[in-house]
Amino acid sequence: GGLLTQAGLIEDACRFLLETLFHYVVEQPRFLVSLKPLLEEFAASLPGNASPSSPDSGPAVAANASANTNSSPTTAPVQQVVDLGELRARHGIPEAALNKLHAIVTAQSLPAAQKLARLDELAGWLARTVAQLTKPGNDPIELRRLKLEAANALCAGDLELAMDLLKEVRQHIRDARRRTEARLNEEMVALKVQMVEEAAATARLGELALARFDFDTAADLFSDAAANLPAGETALEADSRQRQAEALAARAEMSGDVKALQTAATAFRAAMELVSHTADPVAWARLGVGLGDMLMAIGVRTPGSTIELEQAAVTYDGVVGVIDRTAHPMRWALVQLSRAAALIELGQRSERSTHWKAAATA
């Protein structure tokens, strides 16, 4: 009939819409019944066709087919396709409420089948809403009273009053939510303070363990302090991680164990990730020196490899770049000496001329 052209659709799009509609109708069996009168009207309107009838059409279908052969389906009243009493019994809603919904649907410019579907949908919504409003709960007395009044208004078909009451219900719930939110925010602030205090107490235990040269315990305590800080306390976490790395470094230097040195190097790297070399160059440089020292110690103890010595030289070079030479000349010079020591050790293993010249320059 030219509908595809008028709507600007192609055949594939139309087929997709029809298939989607078909699945929707199949999943809702009641629509099959409500669509039957419209299909019969359409068939009867075709040239050369008479209005069909069948033994199982029922009184509603027969009346619809005979009364609306020459009329638009948009004016068909809902009663022709559904028994209001049956609909009321199925959803368990009062007659006054159903009559109000029926009046609303009848006033809409919809085909008869769509009016039926809309009325059924509204009746189901009203039944569910009333059930929710009257459901027992722990609501405050005033809120419970408003809910019951709103449910009674819906059952009486007074949708305007129900609207006003439901607005009050919403406002009561919103006010309660805001009070709860404010209380939770206060509790979160208090919780963060407690977490920071707990981490500080744990760090003090770590300092005491350091004083007793119990480096393993100190490292564990500093790690625990960092792990239990609230989110956003990056500076405090970085400080605890640095103290953990220094405790591990002290243990490794005493034992000379390569694995212990590697563990300390990993701790220094983790701490450096929490510090910005631009925002806090002093702290970053201190961590970099610690990492470089651990890599240097590992390199000295692994004569068959140059990787750690190369990493140590690069680390020292990065630290030199962030130290203010004018403000901290001694610190700058000491890091340069450490870098030179790494380069000298590298030169003894490979490319002596290159590394030793770089060491001399440092």
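What you see below is based on every heavy atom in this structure, not just the backbone, and it leaves out hydrogens, waters and symmetry mates.
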With a 4.5 Å limit on heavy-atom distance, are the side chains of D224 and L205 in contact? no

Okay, side chain of D239, backbone of A235: is any donor-acceptor separation there less than 3.5 Å? no

Minimum side-chain heavy-atom gap L295-F268 below 4.5 Å: no

State which residues pass salt bridge (charged side-chain N to carboxylate O under 4.0 Å, His left out) with R177; sequence neighbours excluded, sorted by chain then number. E181

What verdict does the side chain to side chain donor-acceptor pair (under 3.5 Å) test give for E198 and Q194, after you've listed the backbone C-alpha separation in whole Å, the side-chain angles of each residue and the deciding distance to 0.1 Å? CA-CA 6 Å; E198 179 189 353; Q194 292 172 358; over 6 Å; no

Taking 4.0 angstrom as the limit, do R144 and D139 come out as a salt bridge? no

Got V289 and S338 here, is their nearest side-chain heavy-atom distance under 4.5 Å? no

Under 4.5 Å between any side-chain heavy atoms of V130 and C155, yes or no? yes

E187 vs L191 side-chain heavy atoms within contact, under 4.5 Å: no

Measure the shortest side-chain to side-chain distance between T266 and M294 over non-hydrogen atoms and say whether it is less than 4.5 angstrom. no

S223 (side chain) donor-acceptor with A219 (main chain) under 3.5 angstrom: no

Short N-O contact, R15 and E19, less than 4.0 angstrom: no

Considering only NZ, NE, NH1 and NH2 on the basic side and carboxylate oxygens on the acidic side, decide whether E121 and R118 come within less than 4.0 Å. yes

For salt bridge (charged side-chain N to carboxylate O under 4.0 Å, His left out), just list the numbers for E310 and R349, CA-CA rounded to whole Å, side-chain angles, deciding distance to a tenth of an Å, and then say yes or no. CA-CA 11 Å; E310 292 171 354; R349 301 184 185 186; over 6 Å; no

Considering only heavy atoms from C-beta outward, does the side chain of R243 approach that of L210 to under 4.5 Å? yes

Side chains of V282 and D280: closer than 4.5 Å at any heavy-atom pair? yes

How close do V320 and W332 get, heavy atom to heavy atom, and via which atoms? CG1-NE1, 3.2 Å

